[in-house]
Structure formats: C-alpha cells, structure tokens
There are 2 protein chains.
Amino acid sequence: MIRRFRGESLHKVDAKGRVSVPAAFRRVLEEGDPDFSRGSSPNFVIVYGGVRGDCLEGYTISSISKVDKLISKLPRFSKDREMLERFINTQSTYMQLDETGRIVLSQRLKEKIGIGDEAIFAGMGEKFQIWEPKNYQNELNALDSSFKNLSEDENPFLKLDQLQD
Amino acid sequence: MIRRFRGESLHKVDAKGRVSVPAAFRRVLEEGDPDFSRGSSPNFVIVYGGVRGDCLEGYTISSISKVDKLISKLPRFSKDREMLERFINTQSTYMQLDETGRIVLSQRLKEKIGIGDEAIFAGMGEKFQIWEPKNYQNELNALDSSFKNLSEDENPFLKLDQLQD
DNA sequence: TGCTATCTTATGGGATATCATGGAATTTTA
DNA sequence: TAAAATTCCATGATATCCCATAAGATAGCA
C-alpha cells in the first residue's frame, strides 16, 4: 500500500515554534524519504509561496522530487521554468522531523499564515497542509457553499468517473 | 537525496562587502564541489553577466560544469556559442566561502545589481540568486501579476503534468 | 472481559551548538 | 606605505539536541 496523507488534527505550537506532526503523517513522510532508515528522522519539504498564500504545504521528498524533475525538463532560463522554480523552489524549505516527531515553524513561516499557538494539519493525499485554525474553518465553509452552488455537470464527484485511466 | 537550493533569506552586507551565505546553501555548495573535504571551504561560481543583469547567480562547481558541457555542444565559432561563452564564462568568477561561511562582494559586483547593505538570497534548484531586496520584491510582484493574467492553458503548473515522465 | 504492563504520542524545559554579524589585527598589493 | 583585502577572534540570537512527563493507545494475559 502507498500510504497517503489523510485526516485532520489540531496541535499546539509552543514558544519556540515547535509543533508535533501527526503520527500518521510521520509514517507517510518516512516512506516518502528515500534516505530514511529506522532510527533516523525523515526529511521533507514545506512550500509556503505560490498560488495559495494562506497555508503551508508539506511534500515528501519523493513527491517533490517528481515535481523538480519535471521542472528540470523545461529549458533552462525559460520563463516558465523560472516561474516554477520561484514558486516551488524559492518559496519552500527543507524540514526534518526531530526525535519526538516535531518540526519548528520559524517566525517567518508563522507570520506567513498567521499562526499563533495552534495549528491544524490537514491531509490532502500526496501533500498535507498547515493552517491557522480560524482560517481553516473559513476555507471549509467557503468550499461548502461553493460546492452547493454547482450544477449537476459541474460536480467534480461526477466528473471523476469520466476520466480515462 | 540530491540537495537543491531552496528557500530565500535576507542578509546584511557590511562595509567590506562581506555577506553570509545561508547555511542551507553552504551544504549544497559543499556537495556540489568535487574537491571539497571536511574542514575546507567549498568553491563555486558566480555569474554576473547574462540573462538578466538584475541579479547575480551562484552555481555549484558541478552544476556550472553541466552548463559548460551544454555550451560545448554548440558549433565552435557559432554566434550562439560565442554569446553564451561570453555571458557564462567571461562574466563570471570563482568564489570561495571563508571560514565563517561568508563571501565578499566586490564593489563591481555590488554595483552590477545595485546592492547597498542588504541582500536577498533566493534558491532556484540548481542555482541560487542574489538580489537587492527592493528589486527582488518587484520581481516577485511582477511574477505574481503575470501569473494571474495567464489563461488556464498557459499555466505552467498545469503544463507540468502534461510533460512525459 | 477486565486489568496491568508497555509503548507511543504530544508536550514542556534546559543545555548546547550553529549561525549571522561585527570589529581588530595582519597580510597583500599597487 | 597607504589602501585594500584577508585572516582571526568575539558575541548575541537562533536553532538544535537531550531529557522529562503525562495522557492515550495497545498488547498480553488471567
């Protein structure tokens, strides 16, 4: 089985910015780090820029490498490539879990998404997100109401089965 | 894992032109210098000519070699090759980190990109860039707004998935 | 099925190391 | 020999490591 990021949970952020990554997510990060071995701590990547400015996104090493590899296929110095590098490489950072399964959110990262002393972790399949709790709730509400306004043939659930394999 | 240049940070440039290279970038420079050994300081290359003129670009020894190799594939004496040689070879210089992880930006280099007493380092995967902070912010804003103006099928993120693996 | 022992998780506090930066001393160079 | 560049030392801030604990979760067993 390829484990994916699933579920949501609330965690305390202490004065040093330390916050526990949900244990279930840790398993995914371990599997997604080719250099991980029992006893060590997995590396991964947090992307904070790009399209969404309102949350952080965590990627396993292997899933971010996939993206990196695709980007490297674009011609060096091309506009597209520079844009993607900027959004995905520049506005991101390597992270490593500590012994106890925590990471440190720097002052800068906390400010980026307006986090105080609590954070929500939300599983999104190949990635996970970190939100300030209130903003997260707003996001959910917005999603809910925009879903309700969709017509039948705009419903993404129904579109799913029309995709080819 | 092959470490890449990731993230961005702001550093002071002192009266002598000294500036700290972000610790995370130092690790990448070390890995990318075949002659590096523990205890010494890695060499790398700064390109100041070329594509844009508004920032400096830093390459590891091994990534600049890749570029050099690509250039050598072009026909000798061709206009293209001459131009690239000029930008990448002529307008570049070897650099070495000092003991404390700093480099010295000469007057000339500072003038090239209009740097005063602060500099932004921005990771771009196989290379990194050094910017004057205001210019960097402008670059980001320009990128942001040009991204917003793209149509769905010009979006480089979406184009990524269409590339072959 | 209940009870206890063990492990895992989430969290906190203090000690230690690394990083970014400044200034002085020394060498090089023109 | 004065200016410029390089080396050496110093320090506060930040990040990292190490240890501690309490609450759940899990396992084993009677």
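Just so we're on the same page: letters track the sequence lines, and every chain starts at 1.
With rounding to whole Å, B:Ile103 atom CD1 is found 15 Å from D:dA5 atom C1'. Rounded to whole Å, atom P of C:dC19 lies 12 Å from atom CG of B:Leu97. As rounded to whole Å, 17 Å separates atom P of C:dA10 from atom CG of A:Asp117. For the pair B:Asp98 CG and C:dT21 P, the computed distance is 13 Å after rounding to whole Å. As a whole-Å value, the separation of B:Arg102 CZ from D:dA5 P is 15 Å. B:Lys110 has its NZ atom 12 Å from the P atom of D:dA4, to the nearest Å. A straight line from CZ of A:Phe121 to P of C:dT9 spans 15 Å, rounded to a whole angstrom. Rounded to a whole Å, the CG atom of B:Leu105 is 15 Å from the C1' atom of D:dT6.
Scanning residues 8-21 of chain B for heavy-atom distances under 4.0 Å to DNA chain D yields B:Lys16, B:Arg18.
Residues B:Met124 and B:Leu29 do not share a hydrophobic cluster, defined by chaining ILVMFWY side chains whose heavy atoms lie under 4.5 Å apart. The hydrophobic cluster containing A:Phe36 does not contain A:Ile64, counting ILVMFWY residues as joined when their side-chain heavy atoms lie under 4.5 angstrom apart, directly or transitively.
Residue B:Arg26 places at least one side-chain N or O closer than 4.0 Å to OP1 or OP2 of C:dA20.
Of the candidate nucleotides C:dT21, C:dA10, C:dG12, C:dA10 has the atom nearest to the side chain of A:Ala23. When distances run from any side-chain atom of B:Arg27 to the nucleotides C:dC19, D:dT16, D:dA20, the shortest one goes to C:dC19.
Residues A:Asp117 and A:Lys12 are not paired through a salt bridge, judged by the lack of any N-O separation under 4.0 Å between the basic side chain and the carboxylate. Ion pairing between a basic and an acidic side chain is recognised when a charged N comes within 4.0 Å of a carboxylate O; A:Lys79 and A:Glu82 show no such pairing.
Under the rule for a side-chain contact (heavy atoms from CB on, under 4.5 Å), the partners of A:Ser72 that lie at least two apart in sequence or sit in another chain are B:Arg4, B:Glu126.
Across all strands, B:Arg108 comes closer than 4.0 Å to no nucleic acid atom at all (heavy-atom distances).
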Original post:
How far apart are the C-alpha atoms of B:Phe87 and A:Phe77, what are their side-chain angles, what is the distance that settles it, and do they pass the ring-ring contact (aromatic ring centres under 6.0 Å, His included) test?
Top reply: CA-CA 13 Å; B:Phe87 284 141; A:Phe77 307 116; over 10 Å; no
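More than 12 heavy atoms of other residues, nucleotides or ligands lie within 6.0 Å of CD in A:Glu154, so this atom counts as buried by the packing criterion.
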